[in-house]
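Side-chain atoms are counted along with the backbone in the values below, which use heavy atoms only and exclude waters and symmetry mates.
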Amino acid sequence: MRDFRAVASAALIVVAACSAPAHNAAASEAAARPGDAIATAVAAPTRTPANVARDPYRHPTETLAFFGVKPGDTVVELWPGGGWYTEILAPLAKAGGGTLYVAAPWEKGLNRVKAKQESDAGTYGAVKLAEFPNGGTNPKVADGSADVVLTFRNVHNWRFDGADNTANAFKQIFAMLKPGGVLGVEEHRLPEAMDSALEEKSGYMKRSSVIAFAEAAGFKLVGESDINANPKDTHDYPGGVWTLPPSLREGDKDREKFLAIGESDRMTLKFVKPAS
């Protein structure tokens with residue numbers, strides 16, 4: 001009589017031997033062509049149609065490629081909000097065998113990403129949650145663990161809480177990155193000639209201010225791009241950057257005018273944590 005346990009064990013070994021290399025090959029292929037992998041993630045059918053409609057303003061494929069994001073990286077997305085970029089970064093990490101953290105104030109700042117996890121565990125179940133800035137009690141991104149940290153239109157939020165809190169945010173980002181790791185910043189741009197006091201209420205930040213905070217934490221600026229620039233933006237709305245889409249704070253007042261301007265003028269800055 002045959003030992004069916006032995007037969008079953010042998011079958012499992014064969015399945016594992018066949019499936020694991022296929023998965024590894026897919027991850028290796030994604031890692032070899034990160035640009036293709038990013039484009040595939042941007043085209044993911046799991047993305048929200050309303051978010052896809054913002055692609056012409058936010059240029060996600062070009063932006064992530066500029067920051068050098070690779071599918072197998074450990075990536076930290078700070079203050080993800082509704083998860084606009086999470087919808088791209090999660091399938092990118094899944095396809096390439098990478099790890100995605102989303103980090104925000106605990107835990108209200110993570111609730112919308114948690115809702116995505118509950119509704120689509122297949123896409124978002126592996127996303128790790130952490131507190132940022134971290135107060136020492138809740139889960140954090142371990143020091144020296146991240147290849148890339150990304151923040152999209154958030155530095156002004158930290159600035160609203162004061163210069164010291166902004167400095168602390170950059171200090172914590174510096175700590176979580178590996179030596180040689182990248183910090184990618186996209187932020188609403190305030191022209192250098194305009195009053196710096198506007199940074200505290202308008203939602204816009206000066207390039208020089210962002211660079212100063214980053215360099216004070218130890219970062220080095222290694223690149224910048226006009227991928228997300230918008231010369232139509234006049235930066236001078238009484239209601240701040242939220243006057244423009246997608247917020248359209250003024251409602252129907254001058255709606256067509258603001259829609260014609262489009263989303264805000266944004267700087268796109270790439271920093272590196274020095275390797276030594």
Side-chain angles (χ1 to χ4, degrees), residues 58 63 67 75-86 89 100-113 129-143 146 148-177 181-192 194-221 224 228 235 237 239-244 246-247 249 263-273:
R58 300 185 175 183
T63 299
F67 289 144
V75 176
V76 181
E77 182 189 3
L78 301 177
W79 288 34
W84 197 94
Y85 260 100
T86 311
L89 294 169
L100 174 63
Y101 284 86
V102 293
W106 195 268
E107 58 188 296
K108 183 177 180 181
L110 297 165
N111 283 345
R112 294 171 75 180
V113 171
L129 308 180
E131 180 182 49
F132 178 83
N134 191 269
T137 301
N138 297 310
K140 64 174 288 186
V141 179
D143 289 354
V148 181
V149 175
L150 302 171
T151 181
F152 302 99
R153 304 171 305 282
N154 285 315
V155 180
H156 66 276
N157 290 313
W158 309 338
R159 185 68 183 87
F160 290 167
D161 287 335
D164 288 345
N165 287 330
T166 310
N168 178 54
F170 276 91
K171 180 180 178 181
Q172 290 196 20
I173 297 169
F174 190 85
M176 67 178 68
L177 277 164
V182 169
L183 165 61
V185 177
E186 180 201 307
E187 182 56 275
H188 309 293
R189 174 167 36 207
L190 183 69
E192 294 293 322
M194 295 183 74
D195 186 357
S196 295
L198 290 170
E199 293 182 341
E200 299 176 7
K201 60 182 180 180
S202 71
Y204 291 97
M205 292 284 300
K206 289 187 177 182
R207 171 186 176 276
S208 59
S209 296
V210 175
I211 293 173
F213 280 116
E215 290 182 341
F219 286 104
K220 180 180 179 181
L221 179 68
E224 53 189 299
N228 297 298
H235 315 87
Y237 319 103
V241 71
W242 307 278
T243 303
L244 298 176
S247 297
R249 176 178 280 180
E263 295 194 11
S264 67
D265 176 38
R266 295 160 185 169
M267 67 186 98
T268 304
L269 306 176
K270 182 178 179 179
F271 299 93
V272 166
K273 177 178 180 175

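- Shortest non-hydrogen contact noted between A103 and V76 is CB-CG1, 4.2 Å.
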Verify salt bridge (charged side-chain N to carboxylate O under 4.0 Å, His left out) between E199 and K206, making sure each step is shown before the conclusion. CA-CA 7 Å; E199 293 182 341; K206 289 187 177 182; over 6 Å; no
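- Cation-pi geometry between K273 and F174 is met: the NZ or CZ atom falls under 6.0 Å from the ring centre, inside 45° of the normal.
- Taking every heavy atom of both residues into account, H235 and D265 meet most closely at NE2-OD2, 3.0 Å.
- Interatomic distance, D195 CG to E200 CD, rounded to the nearest 0.5 Å: 9.0 Å.
- Ring pair F160/W242 is tilted by interplanar angle, where 30° to 60° counts as tilted.
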Apply side-chain contact (heavy atoms from CB on, under 4.5 Å) to residues L190 and M205 and explain how you reach the verdict. CA-CA 5 Å; L190 183 69; M205 292 284 300; 5.6 Å; no
List the steps and the verdict of side-chain contact (heavy atoms from CB on, under 4.5 Å) for V272 and L183. CA-CA 6 Å; V272 166; L183 165 61; over 6 Å; no
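- Under a 4.0 Å N-O distance rule, the pair E263/R58 qualifies as a salt bridge.
- Nearest heavy-atom pair, G109 versus A104, reported as atom, atom and distance to 0.1 Å: O-CB, 3.6 Å.
- Although no hydrogens or angles enter the test, the distance criterion places no donor-acceptor pair under 3.5 Å between the side chain of N168 and the main chain of Q172.
- With contacts defined as side-chain heavy-atom distances shorter than 4.5 Å, the pair W79/N157 qualifies.
- Counting heavy atoms from C-beta outward, L129 and W106 have side chains that approach closer than 4.5 Å.
- Between the side chain of N134 and the backbone N or O of P139, at least one donor-acceptor pair lies under 3.5 Å.
- Looking only at distances, no side-chain donor or acceptor of E131 sits under 3.5 Å from a matching main-chain atom of E107.
- With hydrogens and angles ignored, the 3.5 Å screen pairs a side-chain donor or acceptor of S202 with a backbone N or O of L198.
- One distance of note links OH of Y204 with OH of Y237; it measures 5.0 Å at 0.5 Å rounding.
- Heavy atoms only, all atoms of each residue included: T86 and P80 are closest at OG1-CB, 3.6 Å.
- Classification of E186 and R153 as a salt-bridged pair holds, one side-chain N sitting under 4.0 Å from a carboxylate O.
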What verdict does the side-chain contact (heavy atoms from CB on, under 4.5 Å) test give for V149 and L78, after you've listed the backbone C-alpha separation in whole Å, the side-chain angles of each residue and the deciding distance to 0.1 Å? CA-CA 7 Å; V149 175; L78 301 177; 3.6 Å; yes
When you look at T63 and F152, which way does the side-chain contact (heavy atoms from CB on, under 4.5 Å) test go after all the steps? CA-CA 10 Å; T63 299; F152 302 99; 4.1 Å; yes
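- Of the inter-residue distances, the one linking N228 atom CG with T268 atom OG1 reads 4.0 Å to the nearest 0.5 angstrom.
- Residues S264 and V241 share a closest heavy-atom pair of CB-CG2, 3.5 Å.
- Scanning all heavy atoms of the two residues, the minimum distance from R249 to G239 falls at NH1-O, 2.9 Å.
- With E224 as reference, R207 is the one residue of K270, R189, R207 to meet the salt bridge (charged side-chain N to carboxylate O under 4.0 Å, His left out) rule.
- With rounding to the nearest 0.5 Å, the separation of CG in L89 from CG in L150 is 6.0 Å.
- In this structure, F132 and W158 have side chains that are in contact, with non-hydrogen atoms separated by less than 4.5 Å.
- If you take CE on M267 and OG on S208, they are separated by 8.5 Å, rounding to the nearest 0.5 Å.
- E187 contributes a side-chain N or O that, together with a main-chain N or O of H156, makes up a donor-acceptor pair within less than 3.5 Å.
- Between F170 and F219, the two ring planes are perpendicular [angle over 60°; tilted spans 30° to 60°].
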